[in-house]
Amino acid sequence: MAFTTHTPKHVVPLVLVLQLTFLLMSTSFAQLSVSFYSNTCPKLLSVIRSGVQSAITKEARIGASLLRLHFHDCFVNGCDGSILLDDTATFRGEQTAPPNNRSVRGFDVIKAIKSNIEKVCPGVVSCADILTLAARDSVNILGGPTWEVKLGRRDSKTASFSAASSGIIPPPTSTLSNLINRFNVVGLSAKDMVALSGAHTIGQARCVTFRNRIYNESNIDVSFAKLRQRSCPRSGGDDNLAPLDFTTPKFFDNNYYKNLLNNKGLLHSDQVLHNGGSTDSLVQQYSQNDKTFDTDFVTAMIKMGDIQPLTGSQGEIRKVCNRPN
Ligand code: HEM
Ligand SMILES: *[C@@H]1O[C@H](CO)[C@@H](O)[C@H](O)[C@H]1NC(C)=O
Ligand SMILES: *[C@@H]1O[C@H](CO)[C@@H](O)[C@H](O)[C@H]1NC(C)=O
């Protein structure tokens, strides 16, 4: 038998087999890493940055839309690109679930970026990672902080209408304790929740999401309520838009928190963060200190990007982002 001859010639293959086994094992429990594509797609970061930049030059709001898309992706079964999938014959996807229906946008930008990336490094980069990077670049291009993004997420082969509809993405009618609970379920703290809500320093919301607040609530500045009522009637105009931060909606800053101090939060779920409860002091802190907000926002974005990724040999690398291979 070959194995009875203990020459180095035979030991070497055995060592190789063992090493390979460990490599395979470790990749199936792989962690995300900032250098994941450094060898396989060195142009990745610049292709994404320029794709996001040109989209924002055309329309500043798209930066907000991309940021929100990443949030809604991560909360439903982890950051796996599932929100990008259209409905198929075998599953109903997430795009028409109540938190997303008629309000998520940015799919064309992701599609365009993905096709540019396929030209420089085909079959290598996941849609989940593209979306994570696009969210980071959006924040930075609109005047916010930047940070290193851990990569190596893989794409899901399916999406879940029912998970996206389950309330895991909290509705704008949420109480403070519901918001805290919803974030806790995915491993994010109350502090993370307050910092991430600062994303509402950019972008728009539809009348239907804040109508009750501007007509029925008492913890709202009267002139602010009147201003919003002008383009959001008691009935009709459900899709009419208003800025989430009425002062600087195209700029990523801490004005969102200053608005809350003045009872000028647009959504019910915004104002509950400063309404006599446990998060008042954080809102005050972020309103006074832009640097603290940036630091805590970045920390929380990295945590959100870590929610339940598919890694190693799980899932797949989609060829196009809106359907499984
Ligand atoms: C804390 C719980 C949250 C609630 C209840 C909430 C709710 C909402 C609602 C109702 C809208 C308007 C959607 C529409 O018009 O249909 C919105 C927009 C937005 N949300 Fe949130 N959100 C929350 C947290 C977050 C987080 C964590 C992020 C990102 C880190 C985020 C980013 C955004 C952005 C950027 C927009 C504007 C999107 C655009 O203009 O296209 N939100 N949010
Ligand atoms: C999504 O919006 C469309 C158009 O308003 C509506 O017909 C449909 O019922 C909505 N779907 C869900 C699941 O709410
Ligand atoms: C105000 O509250 C009442 C009672 O809950 C409700 O019936 C009505 O639809 C609300 N008005 C608006 C504009 O949301």
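For ligands, and for the atoms within them, numbers begin at 1 and follow the listed sequence. Computed from heavy atoms alone, side chains included, the values below leave out hydrogens, waters and symmetry copies.
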Task: Element-labelled atoms of ligand 3 that are located less than 4.0 Å from some non-hydrogen atom of Arg211 - done: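 Listed by number with element, the hits are 13 (C).
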TODO: Could you say whether the N/O atoms of Ser174 and ligand 1 ever approach to under 3.5 Å?
DONE: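 The answer is no, given that Ser174 and ligand 1 share no N or O pair closer than 3.5 Å.
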Open item on the list: Please confirm whether Pro171 approaches ligand 1 to less than 4.0 Å, judged on its heavy atoms.
Closed with: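 A heavy atom of Pro171 does come that close to ligand 1.
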Open item on the list: For Phe183, state whether at least one heavy atom is located under 4.0 Å from any atom of ligand 1.
Closed with: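 The answer is yes: ligand 1 sits under 4.0 Å from a heavy atom of Phe183.
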Of all the non-hydrogen atoms in the protein, which one sits nearest to [atom], and at what distance?
{"atom": "atom 12 (C) of ligand 1", "answer": "Ala205 CB, 3.5 Å"}
{"atom": "atom 26 (C) of ligand 1", "answer": "Phe71 CD2, 3.4 Å"}
{"atom": "atom 34 (C) of ligand 1", "answer": "Arg68 CB, 3.8 Å"}
{"atom": "atom 32 (C) of ligand 1", "answer": "Ala199 CB, 3.6 Å"}
{"atom": "atom 11 (N) of ligand 2", "answer": "Asn101 ND2, 2.8 Å"}
{"atom": "atom 35 (C) of ligand 1", "answer": "Ala64 O, 3.1 Å"}
{"atom": "atom 1 (C) of ligand 1", "answer": "Ser197 OG, 3.5 Å"}
{"atom": "atom 41 (O) of ligand 1", "answer": "Ser65 OG, 2.7 Å"}
{"atom": "atom 15 (O) of ligand 1", "answer": "Arg206 N, 2.8 Å"}

Task: Pairing of Asp238 and Arg206 as salt bridge, 4.0 angstrom limit - done: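 Judged by the 4.0 Å cut-off on N to carboxylate O distance, Asp238 and Arg206 do not form a salt bridge.
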Side-chain donor-acceptor pair present, [X], [Y], cut-off under 3.5 Å:
{"X": "Asn219", "Y": "Asn275", "result": "yes"}
{"X": "Arg213", "Y": "Gln271", "result": "yes"}
{"X": "Ser313", "Y": "Arg154", "result": "no"}
{"X": "Thr88", "Y": "Thr90", "result": "yes"}
{"X": "His72", "Y": "Glu94", "result": "no"}

Open item on the list: Suppose we call two aromatic rings close when their centres sit under 6.0 Å apart. Are Phe252 and Phe297 close by that rule?
Closed with: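 For Phe252 and Phe297, the ring centres are under 6.0 Å apart.
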Open item on the list: Could you check whether Phe91 and Phe161 have their ring centres less than 6.0 Å apart?
Closed with: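 They do not qualify: ring centres at least 6.0 Å apart.
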Do you know the tightest heavy-atom contact between [X] and [Y]?
{"X": "Arg136", "Y": "Glu148", "value": "NH1-CA, 4.2 Å"}
{"X": "Pro171", "Y": "Asn178", "value": "CD-ND2, 4.2 Å"}
{"X": "Ser35", "Y": "Ser38", "value": "O-OG, 2.5 Å"}
{"X": "Pro170", "Y": "Leu179", "value": "CB-CD2, 3.7 Å"}

- [ ] For Ser269, counting its heavy atoms only, list the atoms of ligand 1 lying under 4.0 Å from any of them.
- [x]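 Result: 5 (C).
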Open item on the list: Can you tell me which portion of Arg182 lies within the under-4.0 Å heavy-atom range of ligand 1? Options are side chain, backbone, both, or neither.
Closed with: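 None of Arg182 does.
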TODO: Heavy-atom distances under 4.0 Å are what count here, so tell me which part of Val208 touches ligand 1: side chain, backbone, both or neither.
DONE: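 It is neither part, as no heavy atom is under 4.0 Å.
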Task: Heavy-atom nearest option to atom 3 (C) of ligand 3, drawn from Ile214, Asn216, Asn212, Val208 - done: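 Heavy atom nearest to atom 3 (C) of ligand 3 belongs to Asn216.
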Open item on the list: Strictly inside 4.0 angstrom of atom 5 (O) of ligand 2, do you find any protein heavy atom?
Closed with: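 So far as the 4.0 Å threshold goes, atom 5 (O) of ligand 2 is in reach of a protein heavy atom.
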Task: Atom nearest to atom 21 (Fe) of ligand 1 - His200, N, O or S atoms considered - done: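 Looking at His200, the N, O or S atom with the least distance to atom 21 (Fe) of ligand 1 is NE2.
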Open item on the list: As an exercise, identify every atom of ligand 2 less than 4.0 angstrom from a heavy atom of Arg92.
Closed with: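 Counting atoms of ligand 2 from 1, those under 4.0 Å from Arg92 are 13 (C).
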